[in-house]
Amino acid sequence: MDKKIYFNNLYDYYSDLFTQKQKEYFEAYYFEDLSLSEIAENNQVSRNAVHGQIKIMEEKLEYYENTLKLYEKSQKIRLLLNNIDEEIKMKIEELI
C-alpha cells in the first residue's frame, strides 16, 4: 500500500492522540501536499523541526496500529461485509 494512503488511514483512527501542532504539520504534509520547507515557513520554525515532528508521528502511528490494530480490524470487517446480507451489512456499516 502507498505510504501516504497508509498514514492517512492510520491518522483517521489515531489523530486524537496527537497535539494540535503535530496535527497541523501532518495535515499540511499529507493532506495539502506541502513541502517541509513550506510548512516550516508557514509556521516560522525550522525545516528540521517539521521533519522531526512528522517522523515522530509516523513512528507513533505505526506503534499504535501495531499495538491496537484498529485499522487492520476495520479492514477485516469490511472484507467480511462484502459476503453478507445487505440489510445486516447496512446495520454493521452504521456501527463502524
Side-chain angles (χ1 to χ4, degrees):
M1 178 185 299
D2 179 33
K3 174 185 167 184
K4 185 174 183 175
I5 294 170
Y6 180 68
F7 282 122
N8 282 338
N9 288 332
L10 294 184
Y11 185 78
D12 288 341
Y13 287 93
Y14 304 113
S15 63
D16 288 340
L17 301 173
F18 295 99
T19 67
Q20 185 60 38
K21 188 55 74 176
Q22 286 174 317
K23 289 191 248 186
E24 287 175 24
Y25 293 165
F26 186 90
E27 290 172 12
Y29 187 72
Y30 279 101
F31 299 166
E32 299 171 27
D33 206 26
L34 295 180
S35 70
L36 296 174
S37 297
E38 291 170 320
I39 299 166
E41 185 178 317
N42 292 344
N43 290 278
Q44 299 175 341
V45 296
S46 71
R47 181 191 173 283
N48 281 347
V50 174
H51 180 263
Q53 287 302 307
I54 290 174
K55 281 294 171 201
I56 287 169
M57 287 190 69
E58 290 172 347
E59 290 169 2
K60 285 185 176 182
L61 287 169
E62 288 179 324
Y63 171 76
Y64 295 146
E65 179 58 18
N66 288 334
T67 304
L68 301 171
K69 301 198 182 302
L70 296 179
Y71 176 67
E72 179 183 322
K73 290 174 185 175
S74 172
Q75 293 301 100
K76 288 178 181 179
I77 290 170
R78 290 183 195 286
L79 190 62
L80 291 172
L81 284 175
N82 290 331
N83 300 319
I84 63 173
D85 177 77
E86 283 300 312
E87 182 179 340
I88 295 171
K89 180 179 177 178
M90 287 176 33
K91 289 180 182 179
I92 293 173
E93 284 179 340
E94 289 175 8
L95 294 174
I96 58 173

Undergrad: Could you state the interatomic distance from CG (Asn43) to OH (Tyr25), rounded to the nearest 0.5 Å?
TA: 4.5 Å

Undergrad: Rounded to the nearest 0.5 Å, how far does CG of Asn48 lie from CD of Gln53?
TA: 12.0 Å

Undergrad: Could you give me the CA-CA distance, side-chain angles and deciding distance for Ile39 and Glu32, then say whether side-chain contact (heavy atoms from CB on, under 4.5 Å) is met?
TA: CA-CA 10 Å; Ile39 299 166; Glu32 299 171 27; over 6 Å; no

Undergrad: Would you compute the distance between atom OG of Ser46 and atom CG of Leu36 and round it to the nearest 0.5 angstrom?
TA: 10.5 Å

Undergrad: Out of curiosity, Asn9 CG to Asp2 CG, how far, rounded to the nearest 0.5 Å?
TA: 10.0 Å

Undergrad: Counting heavy atoms not belonging to Lys76, are there more than 12 under 6.0 Å from its NZ?
TA: no

Undergrad: Parallel, tilted or perpendicular: which one describes the rings of Tyr13 and Tyr71, with boundaries at 30° and 60°?
TA: perpendicular

Undergrad: Side-chain contact test, heavy atoms from C-beta onward, threshold under 4.5 Å: evaluate it for Tyr64 versus Leu10 and give yes or no.
TA: no

Undergrad: Around atom CZ of Phe7, are there more than 12 heavy atoms from other residues, nucleotides or ligands closer than 6.0 Å?
TA: yes

Undergrad: Determine whether a donor-acceptor pair (N or O, by modelled atom type, separation under 3.5 Å) exists between the side chain of Glu65 and the backbone of Glu72.
TA: yes

Undergrad: State plainly whether one hydrophobic cluster holds both Leu17 and Ile56, where clusters connect Ile, Leu, Val, Met, Phe, Trp and Tyr through side-chain heavy atoms under 4.5 angstrom apart.
TA: no

Undergrad: When the ring centroid of Phe31 is compared with that of Tyr11, is the distance short of 6.0 Å?
TA: yes

Undergrad: Looking at Lys21 and Glu24, is any side-chain nitrogen of the basic one under 4.0 Å from a carboxylate oxygen of the acidic one?
TA: yes

Undergrad: Side chains of Tyr14 and Leu70, heavy atoms from C-beta outward: is any pair under 4.5 Å?
TA: yes

Undergrad: Please enumerate all residues that pass side-chain hydrogen bond (donor to acceptor under 3.5 Å, both in side chains) together with Glu58, with sequence neighbours excluded.
TA: Tyr30, Lys55

Undergrad: Hey, could you give me the OG/CG distance between Ser37 and Asn42, rounded to the nearest 0.5 Å?
TA: 10.5 Å

Undergrad: Could you measure the distance from the CG atom of Leu80 to the CZ atom of Arg78? Nearest 0.5 Å is fine.
TA: 12.0 Å

